[in-house]
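Note sheet for the following structure.
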Amino acid sequence: QGLTVLHALVSWVDVRALDGFMRMIGQPVTRIGNLILSPGTQDGLVILAGCASTNLMLPMGLGLAILLLVSRDRLSRRDYGWIALTLIVAAAINIVRLYLMLGGHDAYENWHKGTGASIVSVAGLVVTMGVWMIATDPKRAQT
């Protein structure tokens with residue numbers, strides 16, 4: 001993967017965000033480096049480049065930027081805000097996906113490569129298109 005350093009950095013942040021999310025909802029976990037151990041599951045979840053939020057953030061952020069550039073001559077300051085919001089939503093979607101992957105081996109396979117992974121991809125597309133529609137709505141430009 002060409003963005004290994006970026007993936008590694010985001011994986012590091014994802015692990016800490018997942019750990020905080022799990023503790024916030026009352027799920028005790030143990031974090032050891034990029035490994036999350038949850039009671040009730042035999043397997044832990046090692047968050048590496050394949051699980052990093054960047055895998056969703058890059059297509060959503062770049063996709064939105066491209067859609068906005070197709071709609072306008074150049075990006076405005078407000079557009080950068082929409083892109084940032086989209087990146088935050090992408091990271092949140094991935095944290096929920098990681099949480100669901102902690103459900104066991106079958107859950108891991110589903111949310112990593114199976115139907116769940118497709119659901120995450122479609123959710124990313126829907127969010128990207130929705131943000132683009134809001135950002136380019138002519139009624140919003142008048143206000």
Side-chain angles (χ1 to χ4, degrees), residues 1-72 75-141 143:
Q1 296 186 10
L3 299 172
T4 304
V5 174
L6 178 61
H7 283 308
L9 176 62
V10 173
S11 295
W12 184 84
V13 172
D14 285 344
V15 169
R16 279 133 186 92
L18 178 60
D19 182 32
F21 175 72
M22 295 290 286
R23 292 179 192 282
M24 185 176 70
I25 63 172
Q27 296 279 335
V29 294
T30 302
R31 180 181 56 80
I32 304 167
N34 275 15
L35 172 67
I36 296 284
L37 298 170
S38 178
T41 61
Q42 293 179 341
D43 303 326
L45 177 62
V46 178
I47 301 175
L48 299 173
C51 298
S53 292
T54 46
N55 292 313
L56 193 56
M57 294 169 76
L58 288 172
M60 287 176 67
L62 288 174
L64 179 60
I66 290 166
L67 287 169
L68 289 169
L69 285 170
V70 167
S71 304
R72 324 182 190 296
L75 295 177
S76 69
R77 183 174 295 178
R78 182 175 279 174
D79 291 338
Y80 290 110
W82 288 115
I83 292 169
L85 175 65
T86 301
L87 296 176
I88 292 167
V89 171
I93 289 170
N94 194 59
I95 295 302
V96 171
R97 179 183 77 102
L98 294 172
Y99 166 74
L100 294 170
M101 289 168 66
L102 281 170
H105 183 72
D106 290 339
Y108 172 83
E109 289 297 323
N110 180 50
W111 290 100
H112 191 68
K113 298 184 229 176
T115 306
S118 297
I119 292 169
V120 169
S121 296
V122 170
L125 179 62
V126 168
V127 168
T128 302
M129 294 303 294
V131 171
W132 173 67
M133 290 170 63
I134 293 168
T136 59
D137 183 6
K139 295 176 188 171
R140 291 186 54 83
T143 58

Intermediate values then yes/no, side chain to side chain contact (heavy atoms under 4.5 Å, CB included), L68 and I83: CA-CA 10 Å; L68 289 169; I83 292 169; 4.3 Å; yes
Take L102 and L18, measure what side chain to side chain contact (heavy atoms under 4.5 Å, CB included) needs, and give me the verdict at the end. CA-CA 10 Å; L102 281 170; L18 178 60; 4.2 Å; yes
Please assess D79 against R72 for the test side chain to side chain contact (heavy atoms under 4.5 Å, CB included), listing each intermediate value before the final yes or no. CA-CA 10 Å; D79 291 338; R72 324 182 190 296; 2.8 Å; yes
Does D106 form a side chain to side chain contact (heavy atoms under 4.5 Å, CB included) with E109? I'd like the steps, not just the answer. CA-CA 5 Å; D106 290 339; E109 289 297 323; 5.7 Å; no
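Considering all non-hydrogen atoms of both residues, T54 and P59 come closest at O-CD, 4.0 Å. Taking all atoms of both residues into account, the shortest heavy-atom contact from C51 to N94 is O-ND2, 2.9 Å. Of all heavy-atom pairs between G124 and M60, the closest is CA-SD, 3.6 Å. Here the closest non-hydrogen pair linking V10 and A52 is CG1-CB, 4.3 Å. When all heavy atoms of A17 and I95 are compared, the pair lying nearest together is CB-CD1, 3.8 Å. A pairwise comparison of heavy atoms in L100 and A107 identifies O-CB, 3.4 Å as the closest pair.
Between L98 and F21 the shortest side-chain heavy-atom distance does not fall below 4.5 Å. In this structure, I93 and V120 have side chains that are in contact, with non-hydrogen atoms separated by less than 4.5 Å. The shortest side-chain heavy-atom distance between W132 and T86 does not fall under the 4.5 Å cut-off.
Remark: M129 CE is packed, more than 12 non-hydrogen atoms of other residues, nucleotides or ligands lying under 6.0 Å away.
In this structure, N110 CG and M101 CE are separated by 10.0 Å, a value rounded to the nearest 0.5 Å. D19 contributes atom CG, which lies 10.5 Å from atom CG of L37 (distance to the nearest 0.5 angstrom). To the nearest 0.5 angstrom, D14 atom CG is 10.0 Å from I36 atom CD1. Taken to the nearest 0.5 Å, the CG atom of L64 stands 6.5 Å off from the CG atom of L67.
For R97 (side chain) and A117 (main-chain N/O), no donor-acceptor pair under 3.5 Å exists by modelled atom type.
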